[in-house]
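Let me begin by presenting the structure, written as structure tokens, before commenting on it.
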Amino acid sequence: MTTPRQLRIAPSILSADFAKLGEEVRAIEAAGCDLVHFDVMDNHYVPNLTIGPLVCEAIRPHVSIPIDVHLMVEPVDSIIPLFAKAGANIITFHPEASKHVDRSLSMIRELGCKAGLVLNPATPVDWLDHVMDKVDMILLMSVNPGFGGQKFIPSTLAKLKQVRARIDAHMAAGGQEIWLEVDGGVKADNIGEIVRAGADTCVAGSAVFGAPDVGGGYKGIMQTLRKNAA
Ligand code: DX5
Ligand code: ZN
């Protein structure tokens, strides 16, 4: 059940140098990362404020890999079309931040993007009960959302196993493919157990952009993450 499947690494640009974002995303694509993880915070759902659709549109021409937009905003529906228009490929949101979760998920797909739900460390997996056919990604937060550079919460490992079993059962019954992403505190020394617990897509912010050798270091970091996950 937990043999490593195709692993995707999604560096979070939250820890990148915002003064040279185009260069930063080009560097991570060249280093072999699979997705750009794009953290959107609104100083309402989370106590921090980051970037919006304009920045998504600005980086879009710099990379060909998918942009994975993680919405930490409330409400979600009004901002979804703006990100779809700005070139997002995947849009995930926190279900408790939407009044109509099924509608928000459908809207994302209707706009041509992959849709996903994000569960905080204390958010129950029951939120998935009636929408398994509507999600392309499930993102489990392994820190409380709002900031990069926090410590991985170990109870996420049990939750990953639980959600992996649900996804495997869903796919075995003929359901669509669903990616299982984990976000927060992923480092070279814990990515192995995270992947063994069932994750196939790992966000890594400070582990990638916070590295001392920023200039040419991304490839090495990406390789170290992959090697430790194998
Ligand atoms: C936290 C964000 C994460 C964060 C990850 O709210 O959603 O994507 O930037 O950063 P690290 O990998 O440093 O924990
Ligand atoms: Zn994130």
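Note that the numbering runs from 1 along the sequence shown for the chain. Whatever order the structure lists ligands and atoms in, that order sets their numbers, starting from 1.
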For ligand 1, which atoms have a heavy atom of [X] less than 4.0 angstrom away?
X	answer
M72	6 (O), 7 (O)
M41	6 (O)
H37	8 (O)
P145	6 (O)
V203	8 (O)
S12	8 (O), 9 (O)
H70	7 (O)
G184	14 (O)

Ignoring angles and geometry beyond distance, decide whether [X] reaches within less than 3.5 Å of ligand 1 through its nitrogen or oxygen atoms.
X	value
D39	yes
K187	no
A207	no

Measure the distance from [atom] to every protein heavy atom, then report the residue, atom name and distance (to 0.1 Å) of the closest one.
atom	result
atom 10 (O) of ligand 1	G148 CA, 3.7 Å
atom 14 (O) of ligand 1	G185 N, 2.8 Å
atom 12 (O) of ligand 1	G205 N, 2.7 Å
atom 13 (O) of ligand 1	S206 OG, 2.5 Å
atom 5 (C) of ligand 1	D183 OD1, 3.5 Å
atom 6 (O) of ligand 1	G146 N, 2.8 Å

Ring pair (Phe, Tyr, Trp, His ring centres under 6.0 Å) for H94 and Y45? Distances and angles first, verdict last.
CA-CA 9 Å; H94 293 248; Y45 178 72; 4.9 Å; yes
Cut-off 3.5 Å, side chains only: do [X] and [Y] have a donor facing an acceptor?
X	Y	result
T92	K114	no
Q176	H170	yes
D39	T50	no
S104	S98	yes
N120	E96	yes
D68	H70	no

Is it the side chain, the backbone, both or neither of A204 that has a heavy atom closer than 4.0 Å to ligand 1?
backbone
R103 atom CZ, neighbour heavy-atom count above 12 within 6.0 Å:
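Counting neighbours around CZ of R103, 12 or fewer heavy atoms of other residues, nucleotides or ligands fall under 6.0 Å, so no.
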Output the distance between atom CD1 (I79) and atom CZ (F93), rounded to the nearest 0.5 Å.
14.0 Å
So that I can tick it off, tell me whether D200 and R164 are bridged by a salt bridge, with the cut-off set at under 4.0 angstrom between side-chain N and carboxylate O.
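The answer is yes: the pair qualifies as a salt bridge.
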What closest approach, in Å, do T123 and K159 show between heavy atoms, and which atom pair accounts for it?
O-NZ, 2.7 Å
Indicate the atoms forming the closest heavy-atom contact of F147 with P47, along with that distance.
CZ-O, 3.5 Å
For the Zn ion (ligand 2), give me the closest N/O/S atom belonging to H70, just the atom name.
ND1
D39 atom (N/O/S) at minimal separation from the Zn ion (ligand 2)
OD1
Assigning hydrophobic clusters by single linkage (Ile, Leu, Val, Met, Phe, Trp, Tyr; side-chain heavy-atom cutoff under 4.5 Å), is V36 placed with V208?
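Per the 4.5 Å side-chain linkage, V36 and V208 are co-clustered.
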Angle at the Zn ion (ligand 2) (to 10°), with one arm to NE2 of H37 and the other to OD2 of D183:
100°
Test item, F147 contacting ligand 1 (heavy atom, 4.0 angstrom):
yes
